[in-house]
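Chain naming here is simple, since letters A, B, ... match the order of the sequence lines and numbering starts at 1 in each.
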2 protein chains.
Amino acid sequence: MIERIHLEILRAVEEHGSLTAASKKLHLTQSALSHSMRKLEEQLGVEVWLREGRTLRPTQAGEYLLAIANRLVPQLEHAEKRLRQFAEGERGTLRIGMECHPCYQWLLKVASPFLAAWPGVDMDVIQKFKFGGIGALFGYEIDMLVSPDPLYKTGLTFEPVFDYEQVLVVGDDHPLCRARYAKPEQLSGEVLITYPVPADRLDVFTRFLTPAGISPRQHKEIETTDIMLQMVASGRGVAALPRWLVEEYRSRFPVYPVRLGKGGVQKQIFLGIREADADIDYIRAFLEMARSHAKDAFKRARK
Amino acid sequence: MIERIHLEILRAVEEHGSLTAASKKLHLTQSALSHSMRKLEEQLGVEVWLREGRTLRPTQAGEYLLAIANRLVPQLEHAEKRLRQFAEGERGTLRIGMECHPCYQWLLKVASPFLAAWPGVDMDVIQKFKFGGIGALFGYEIDMLVSPDPLYKTGLTFEPVFDYEQVLVVGDDHPLCRARYAKPEQLSGEVLITYPVPADRLDVFTRFLTPAGISPRQHKEIETTDIMLQMVASGRGVAALPRWLVEEYRSRFPVYPVRLGKGGVQKQIFLGIREADADIDYIRAFLEMARSHAKDAFKRARK
DNA sequence: TTCCAAGTGGATGCGTTCGATCATGGCGTT
DNA sequence: AACGCCATGATCGAACGCATCCACTTGGAA
């Protein structure tokens, strides 16, 4: 078996010229190096060095093994470095699962300060799960789930981090443009634009239209928020989005938020993690930043 | 220090599911595995597995280390194999990666004279890569890449070894059978048979149909050249293959090559190697034989 | 549904084996 | 002749194996 020590010896001998010198670098004795290399040579049936007097000249096999060593040893060293960083909690990948499109928009706002504050932590966002977001959390496919649907179950912890209102978005020449709120039946002749997810996962259906027994004239699915709002702005339809998101886009598009029903549709975003991970520092930090960001957003909204 | 045994243990546990099962594969006891991994964990300060009851679930650090293991251990195993070959006077194994089906047909023609001329060198052909052919070259999974797409990048050398023309293949009762060349629109009603690779990797699409905005009536994928040409011969569709390949099959099937467009689709096969390997004698020899074979083929074609 | 027993898998303490060290010898260079 | 370097044989510590313990899972009977 080629062991790491053999590769290290080859490199050290190449660098320092002799077994004795190499032994000092490797904090072993010259004897140990001699023994182990000879054993390897016996196992493989190949001489690694030609012993010419007191100098060691690599054979062809030795050159080959040296090339292997120069390639693999640095990788091992780098791996050790990274794992030690893991140990200090400063290294890892925070894999975040998303279960809703507005969540993604919200996440982007938290992500950049987090990445700045934790330069050692990478972030990955995953939106496709084999067995749903909860399954992904339990199955260690992700470390954090951003979702509007909390699940209080043993092993997981969900925490609300952001309250918002889901509103209707209309263009500036739309009849509802200046209305205090929209009634379900006022959408029966409209084109409703949503993200491409099943209707039973869309609040505008489950908490607004369906209870009133209303369907829109047409239901279009669009992936990106920008295009969606351009469609709305040009009078091609209406959409349902978080109010804070609409407010941000109002400077770029002539769109208006309209309350969905008299009381509006109130929503929360939850962050879920495994209880076992609750005391990982960068996970705590992410939760903390998510909460404080929510407060800031709230303050801005009251101004 | 991360030793080889740690990497082996990680791989074996991943494969067999438990330390006990892994210990059998590694010809060690469960105790030894437990001891060494715990020592590594203490040295690095990182848990490699979460011990949840009697199951071992890799942590992020464990997953990371497993990825390292899956990359490095095969290289060590291959190195051992090669060194043993050295011991028996053999020279090594030339691992050739293929990125296109016609390349494989071409390779077969070069392989037999090479193996005859270099009895000490084995050959292995690999067609599945995790990170593409270039990645396999860089990652020392292969020593030579046969590909129609060269990549001139530091560390690698690509060299064209064979020019050929990609042609349409039709059966003897096909209207295009005696045509000087085919126009894209003449394929709009046809069944096009190709190897099972994405359309954007097929020249008949990228350099013939797609520029003209044409799609075939149907697109079928078939793995083997023989079956493909039998389909073509029986009038079940048309295919696109190298001209020299079609010429060889014409003695066995009633099939005809037809130029793709007025100018035809001209192609080259490239051989790529690592620059570091450029002066290994049998690699130079292979390149030389590949070039000379191309010349012979050219001469034969002119007869 | 609850309980218990059997079976399985990981952790751990202690004895043995293997590898590193030490001491020494051989050989070539200076 | 003296020094430096590698090789080799005998002693000491670390790693492996054995036996055992403990935790968890499973299946069947109460």
Side-chain angles (χ1 to χ4, degrees), chain A residues 1-59 61-63 65-66 76 80 138-140 154-155 274-276, chain B residues 1-59 61-63 65-66 76 80:
Chain A
M1 283 291 168
I2 300 173
E3 298 297 333
R4 177 173 185 172
I5 188 62
H6 301 123
L7 306 181
E8 299 272 11
I9 293 171
L10 271 158
R11 279 162 59 87
V13 168
E14 166 79 4
E15 188 184 352
H16 296 102
S18 77
L19 272 187
T20 310
S23 70
K24 274 161 198 147
K25 176 175 182 185
L26 297 177
H27 306 293
L28 289 170
T29 59
Q30 172 273 131
S31 171
L33 272 51
S34 178
H35 279 301
S36 4
M37 289 310 289
R38 184 148 297 264
K39 187 179 168 190
L40 179 71
E41 288 177 330
E42 278 165 18
Q43 280 179 358
L44 297 175
V46 179
E47 298 271 296
V48 170
W49 291 301
L50 292 175
R51 278 80 169 175
E52 295 180 338
R54 67 195 213 181
T55 61
L56 301 177
R57 195 172 48 180
T59 61
E63 293 282 4
L65 203 52
L66 179 60
L76 289 171
E80 281 164 3
F138 273 120
Y140 285 76
T154 50
R274 286 179 296 272
E275 275 173 2
Chain B
M1 282 294 155
I2 300 172
E3 297 297 334
R4 177 173 185 171
I5 188 63
H6 300 124
L7 305 182
E8 299 273 10
I9 293 172
L10 270 160
R11 279 161 60 87
V13 167
E14 166 79 3
E15 189 184 352
H16 295 99
S18 76
L19 271 187
T20 310
S23 69
K24 276 162 196 148
K25 178 176 181 185
L26 298 176
H27 305 293
L28 290 169
T29 59
Q30 173 268 328
S31 168
L33 272 49
S34 180
H35 280 302
S36 13
M37 288 310 290
R38 186 150 296 270
K39 187 180 167 193
L40 179 70
E41 288 178 330
E42 277 165 17
Q43 280 179 358
L44 297 175
V46 178
E47 298 271 296
V48 169
W49 292 302
L50 293 176
R51 278 79 167 173
E52 294 180 341
R54 66 198 216 180
T55 61
L56 301 177
R57 186 203 295 282
T59 60
E63 294 281 3
L65 202 52
L66 179 61
L76 289 172
E80 281 164 3

Student: Do the side chain of A:T20 and the main chain of A:Q30 share a donor and acceptor less than 3.5 angstrom apart?
Tutor: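 No; judged by distance alone, with no hydrogens or angles, the pair does not exist.
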Student: Would you indicate what A:S31 reaches in the nucleic acid, counting non-hydrogen atoms under 4.0 angstrom: base, sugar-phosphate, or nothing?
Tutor: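 A:S31: base contact, heavy atoms under 4.0 Å.
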Student: Are the side chain of A:E41 and the backbone of A:V48 linked by a donor-acceptor contact shorter than 3.5 Å?
Tutor: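 The answer is yes, because a donor-acceptor pair under 3.5 Å joins these two groups.
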Student: OP1 or OP2 of D:dC6 sitting under 4.0 Å from any side-chain N/O of A:S34?
Tutor: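 False: A:S34 side-chain N/O out of range (4.0 Å or more) of D:dC6 OP1/OP2.
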Student: What is the distance, to the nearest angstrom, from the NZ atom on B:K39 to the P atom on C:dT12?
Tutor: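 Taking atom P of C:dT12 as the reference, NZ of B:K39 is at 16 Å.
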Student: Counting only side-chain heavy atoms from C-beta out, which of D:dA7, D:dC5, C:dG19 sits nearest to A:S18?
Tutor: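 Nucleotide nearest to A:S18's side chain: D:dC5.
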Student: Between A:E8 and A:R4, does any NZ, NE, NH1 or NH2 come within less than 4.0 Å of an OD or OE carboxylate oxygen?
Tutor: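 Here A:R4 pairs with A:E8 in a salt bridge, since their nearest N and O are under 4.0 Å apart.
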Student: Measure the distance from CD on B:Q30 to P on D:dC21 and round it to the nearest whole Å.
Tutor: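 B:Q30 atom CD is separated from D:dC21 atom P by 15 Å.
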Student: Can you measure B:R57 atom CZ to C:dG9 atom P for me and round it to whole angstrom units?
Tutor: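 Result: 17 Å.
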Student: Which part of the nucleic acid, if any, lies within reach of B:L28 when heavy atoms closer than 4.0 Å are counted: base, sugar-phosphate only, or nothing?
Tutor: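 Touches sugar-phosphate only.
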Student: If you look at every strand shown and take non-hydrogen atoms under 4.0 Å, does A:T20 touch a base, only sugar-phosphate, or nothing?
Tutor: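 Touches sugar-phosphate only.
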Student: Starting at CG of B:L19 and ending at P of D:dA23, how long is that distance when rounded to a whole Å?
Tutor: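 Distance check: B:L19 CG to D:dA23 P gives 18 Å.
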Student: So A:A32, base contact, sugar-phosphate only, or nothing? Heavy-atom distance under 4.0 Å.
Tutor: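 Counting heavy atoms under 4.0 Å across all strands, the contact made by A:A32 includes a base.
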Student: Answer yes or no: is there a donor N or O on one side and an acceptor on the other, between the side chain of A:E47 and the main chain of A:T59, under 3.5 Å?
Tutor: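 Not confirmed, A:E47 side chain does not pair with A:T59 backbone.
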Student: Round to a whole Å and report the spacing from CG of B:L33 to P of C:dT12.
Tutor: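 About 15 Å, once rounded to whole Å.
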Student: Would you say C:dG10 has OP1 or OP2 under 4.0 Å from some side-chain N or O of B:R38?
Tutor: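 So the side chain of B:R38 is outside the cut-off, no N or O lying under 4.0 Å from OP1 or OP2 of C:dG10.
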Student: Mind calculating the distance between NE2 (A:H6) and C1' (C:dA20) to the nearest angstrom?
Tutor: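 Atom NE2 in A:H6 sits about 13 Å away from atom C1' in C:dA20.
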Student: Can you check whether any acceptor in the base of C:dG10 is under 3.5 Å from a donor in the side chain of B:H35, or vice versa?
Tutor: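 Answer no: no donor N or O sits under 3.5 Å from an acceptor.
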Student: What is the distance, to the nearest angstrom, from the CD atom on A:E47 to the P atom on D:dC6?
Tutor: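 Whole-Å distance recorded here is 15 Å.
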Student: What is the distance from CG of B:L50 to C1' of D:dC24, rounded to the nearest Å?
Tutor: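 That distance rounds to 16 Å.
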Student: Donor-acceptor check, side chain of A:H6 to backbone of A:I2, threshold 3.5 angstrom: yes or no?
Tutor: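 No, the answer is negative, given that no donor and acceptor are paired below the 3.5 Å cut-off.
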